[in-house]
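All values below were derived from every heavy atom in this structure, side-chain atoms included, with hydrogens, water molecules and symmetry-related copies excluded. Order of the sequence lines sets the chain letters (A, B, ...), proteins ahead of strands, with each chain counted from 1.
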Number of protein chains: 2
Amino acid sequence: MEMRHDIKESVARRRQRPLVLEVRDELERMILLGEIAAGERLNEALLAERLGVSRGPVREAARSLEREGLVEAVANEGVYVRLLAPQDGLELYDLRAMIAGYLCAALAGRADDAIKAELQAFLAAMETAIGTQDEAAYFDLNLAFHDRIAEAADMGRARALYVSLGKEVRLMRLKVLSGAAALRQSNDEHARIVAAIVAGDVEGARAAGAAHHTSGKRKLLERLRREGGACHAPAGHADHVPQEGQTVTTTTDLGRIT
Amino acid sequence: MEMRHDIKESVARRRQRPLVLEVRDELERMILLGEIAAGERLNEALLAERLGVSRGPVREAARSLEREGLVEAVANEGVYVRLLAPQDGLELYDLRAMIAGYLCAALAGRADDAIKAELQAFLAAMETAIGTQDEAAYFDLNLAFHDRIAEAADMGRARALYVSLGKEVRLMRLKVLSGAAALRQSNDEHARIVAAIVAGDVEGARAAGAAHHTSGKRKLLERLRREGGACHAPAGHADHVPQEGQTVTTTTDLGRIT
DNA sequence: CAACAGAATATTGTTGACAATCTACAATCC
DNA sequence: GGATTGTAGATTGTCAACAATATTCTGTTG
């Protein structure tokens, strides 16, 4: 009896991820890549048809994304891609800086030689990307570098938060890692983080990890001062998003802008 | 036409809330109060029947709770109330301490006389509760006090995180606010927070807010040393462990269940 | 008696249909 | 003309049935 194929098929089917996971990933991808713009509404029926599933999994995926902060649901109206106000963005950077510092500190207290070497290899690879002016490669390496730190720190909730907040930040569609000078500064900060982790300097690692993200916030502040407006062009149908144009204040070491 | 405010409010209230919100609140209540024990599975059909709805809203509510960290879904098997390991609890306290410090610092930089007076009134009320040894009242006041700080700090994401992490902590079912000495120490720490906020001392408020939560972590550590075991008495049915080949329904590592 | 295959049962995964609600636009009135 | 009301279409909210999968039970076999 020809069983091989049947068995393989059976195993494949058993490992099939529930549709809601596929849908969630796809929606997240579309949102993060801007294929669905900030402030835009997610049409359940349309998305379901395009993805070849029914509306049930789409609705579940939307609820999941809602709790993660990528979309916002309005009763009897629909779910919208979140449109962040400038002060929301600043807050996200603050939170992310704190958690990054926490993760770096945790890793500094438990890092073994293997992870230390791995992080130093990341540094070298990013240095190479800077040399060849390959910004796309640097971007990917940068992402992998930070995720590796979060993973190695072995802090489940903090890592999840860090990743989740990173996705929220991407809603603003800022291109901060652009230009040779920015890359240069970024990897210098990376080097300080790695040095502190390698030295087992817990507080130094915390400070370096937080500072690296705070510099991203500084770039956002500069852009806000220059452009003065919202982070993203407000779509016509985003009335439910709080967007009062009040003065942005922040309580970190960067002082406050008025 | 001049429509009175209470009428508009009444109409708004009558406007039916989607079932998924009601179900989510009810499930959250049941989990937080321990009516569904940690590690226990949520039976969709049973819950739907008990709540008088169909399974759709129950599933959506579960997805929502999953992203919040209260439950964990396993593909083709069900969603379980999260069972926290001791180290997960410690991590939650750390995160909560950081965010509380952030919120207190933000409030110290923007507090007006009204909120300052309000916080001092909270202090006095909690002092009274200590005097009459009314632990239940102190518990409620304590909750309201911290939520008021989070609200007044006007940091949307940080506040949501603070509240959400607070619920996760409750999964461990610890009774830290018990005994006259504990209440005494707790309100002394509250007083330091309020003093820093009233003085507009941003960094002092951050430190006091963080320290207050760190002392909760210390109590958890003491208990762990004394009892040596898990945070929660392991029920016989609560030893569910996701195994190889199962699709754990989360894209991010939401921590382990043990 | 232990181990195993297979049926029976319970539970989750998914779907399409129907009801409730909102939005857009045309008809009506002042 | 501008505001208001009513209607049609689109979209979300909810449900119950069916399919796929996991679990439990049971009889069989070594």
Distance in Å, H146(B) NE2 paired with R159(B) CZ, rounded so as to fall on 0.5 Å steps: 14.0 Å
Between dT14(C) (C1') and L21(A) (CG): distance, integer Å: 14 Å
Pairing residues for R110(A) by the side chain to side chain donor-acceptor pair (under 3.5 Å) criterion, not counting sequence neighbours: none
Only counting residues at least two apart or in another chain, list the ones meeting side chain to side chain donor-acceptor pair (under 3.5 Å) with E60(B). R59(A), R63(A)
Rounded to the nearest Å, what distance is computed from the CZ atom of residue R24(B) to the P atom of nucleotide dT14(D)? 12 Å
With a non-hydrogen cut-off below 4.0 angstrom, is G56(B) in contact with a base, only sugar-phosphate, or nothing? nothing
Residue pairs passing the ring-ring contact (aromatic ring centres under 6.0 Å, His included) test with at least one member in residues 147-178 of chain A, sequence neighbours excluded, are Y162(A)-H213(A)
Separation of E49(A) atom CD from dA17(C) atom P, in whole Å? 14 Å
Residues which pass side chain to side chain donor-acceptor pair (under 3.5 Å) with R170(A), listed by chain and number, not counting sequence neighbours: none
Protein-nucleotides 11-13 of chain D N/O pairs under 3.5 Å:
unit_1, atom_1, unit_2, atom_2, d
dT11(D), OP1, N43(A), ND2, 3.4
dT11(D), O3', R41(A), NH1, 2.8
dT12(D), OP1, R41(A), NH1, 2.6
dT12(D), OP1, L42(A), O, 3.2
dT12(D), OP2, E44(A), N, 3.3
dG13(D), OP1, N76(A), N, 3.1
dG13(D), OP2, R59(A), NH1, 2.7
dG13(D), OP2, R59(A), NH2, 3.2
dG13(D), N7, R55(A), NH2, 2.9
dG13(D), O6, R55(A), NH1, 3.0

Rounded to the Å, how far apart are Y80(B) OH and dT12(C) P? 9 Å
For R50(B), side-chain contact (heavy atoms from CB on, under 4.5 Å) partners two or more places apart: L46(B)
